[in-house]
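Read through the structure below, which is laid out as structure tokens, and then see the notes.
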Amino acid sequence: MLKIATWNVNSIRVRLPQVLDWLAVAAPDIVALQETKIVNELFPVEEFRQAGYQTICNGQKTYNGVAIISKTPASDVVTDLPTFPDPQKRLLHARYGDIAVVNLYIPNGMAVGSDKYAYKLDWLTQLQQFLYERLGQMRLLVVLGDFNIAPADEDVHDPAAWQGSVLVSPAERAHFFQFIDKGLVDCYRLFKQEVHSFTWWDYRAAGFARNHGLRIDHILASRQLAEHCKICRIDTAPRKLERPSDHAPVIAVFDL
DNA sequence: ATGGTAGTTCAACTA
């Protein structure tokens with residue numbers, strides 16, 4: 001069994017104790033982390049090593065930053081979209097045996113029509129090319145992370161209120177469905193799930209307490225990998241702790 | 001239509 005998870009931790013410095021506690025309980029094999037907000041030199045590699053995990057990271061000061069921690073070593077590490085020079089650290093690819101992992105922190109986009117929204121769409125366009133190439137290379141591919149896209153209205157607590165916003169705009173959703181068209185499978189939707197299942201809740205206005213959230217963190221798998229997916233679920237337990245991340249982890253289990 | 005909170009950093013930006 002191979003257990004793979006994604007979690008936007010919103011600062012690894014603040015969340016390290018929660019992540020270590022969660023690893024001890026959930027016992028995943030591979031975890032993709034986003035918004036680590038730390039340069040590589042300061043990433044708590046030793047703390048994870050003592051917990052039985054190896055680290056690769058692609059970080060920066062203050063913003064963004066991705067990392068993958070794993071029980072087995074990584075190979076074929078890629079930290080950038082080859083066709084998109086970008087000072088923002090948002091992508092980390094590695095291979096673990098036969099499986100390739102693409103950890104994403106897709107830009108938020110701030111507001112439809114803004115410069116940041118244009119940057120998000122450009123970034124997504126270049127990502128499509130990268131994923132196309134990876135799918136040609138690797139039979140078993142998992143693409144996971146904070147996509148900052150809620151693919152359908154069922155992934156939004158109040159679709160009418162979100163109409164016209166980033167994370168739900170038609171252009172962003174079109175990119176998500178381009179992933180699906182490429183042969184990537186949304187593992188979460190392979191299984192019957194509760195309605196109003198979300199992975200992110202705004203810190204403001206008691207978003208979590210009222211379940212005012214979005215499903216924007218995803219685990220996509222190539223068809224040949226998705227065939228082996230036995231479980232995919234959102235773990236809301238860490239979101240209930242004191243001083244939580246605004247995102248909950250998503251976990252997928254494969255019988256490999 | 002605005003504001004609500006959190007993290008980094010210490011005024012302002014991002015989410």
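Every chain is numbered from 1 and lettered A, B, ... according to where its sequence line falls, protein lines coming before strand lines. Please read these numbers as outputs of a predicted model, since none were measured by experiment.
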Calculate the interatomic distance between [X] atom [atom1] and [N] atom [atom2]; express it in whole Å.
X	N	atom1	atom2	value
A/Y63	B/dA15	OH	P	8 Å
A/Y117	B/dA15	OH	C1'	17 Å
A/M110	B/dA12	CE	C1'	14 Å
A/K116	B/dC13	NZ	P	9 Å
A/R90	B/dA15	CZ	P	6 Å
A/R239	B/dA6	CZ	P	9 Å
A/I38	B/dT8	CD1	P	9 Å
A/Q60	B/dA15	CD	P	10 Å

Between A/D202 and A/Q88, which has a closest nucleotide on DNA chain B that is more 5'?
A/D202

Nearest-nucleotide wise, let me know which of A/H247 and A/T62 is further upstream toward the 5' end of DNA chain B.
A/T62

May I ask you to evaluate whether [X] reaches the phosphate of [N], defined as a side-chain N or O under 4.0 Å from OP1 or OP2?
X	N	answer
A/S11	B/dT8	yes
A/R204	B/dT2	no
A/K61	B/dT8	no
A/R15	B/dG7	yes

Side chains of [X] and [Y], donor plus acceptor under 3.5 Å:
X	Y	result
A/T6	A/Q34	yes
A/S114	A/Y119	no
A/E172	A/S169	yes

With A/D246 via side-chain contact (heavy atoms from CB on, under 4.5 Å) - residues at least two apart:
A/N10, A/W200, A/Y203, A/R239

C1'-based separation of B/dA6 from B/dC10 [nearest Å]:
15 Å

Between B/dG3 and B/dA15 - C1' atom distance, rounded Å
15 Å

In the structure I gave you, are the side-chain heavy atoms of A/T36 and A/R13 within less than 4.5 Å of one another anywhere?
no

Using a 4.0 Å heavy-atom cut-off across all strands, classify A/F208 as base, sugar-phosphate, or nothing.
nothing

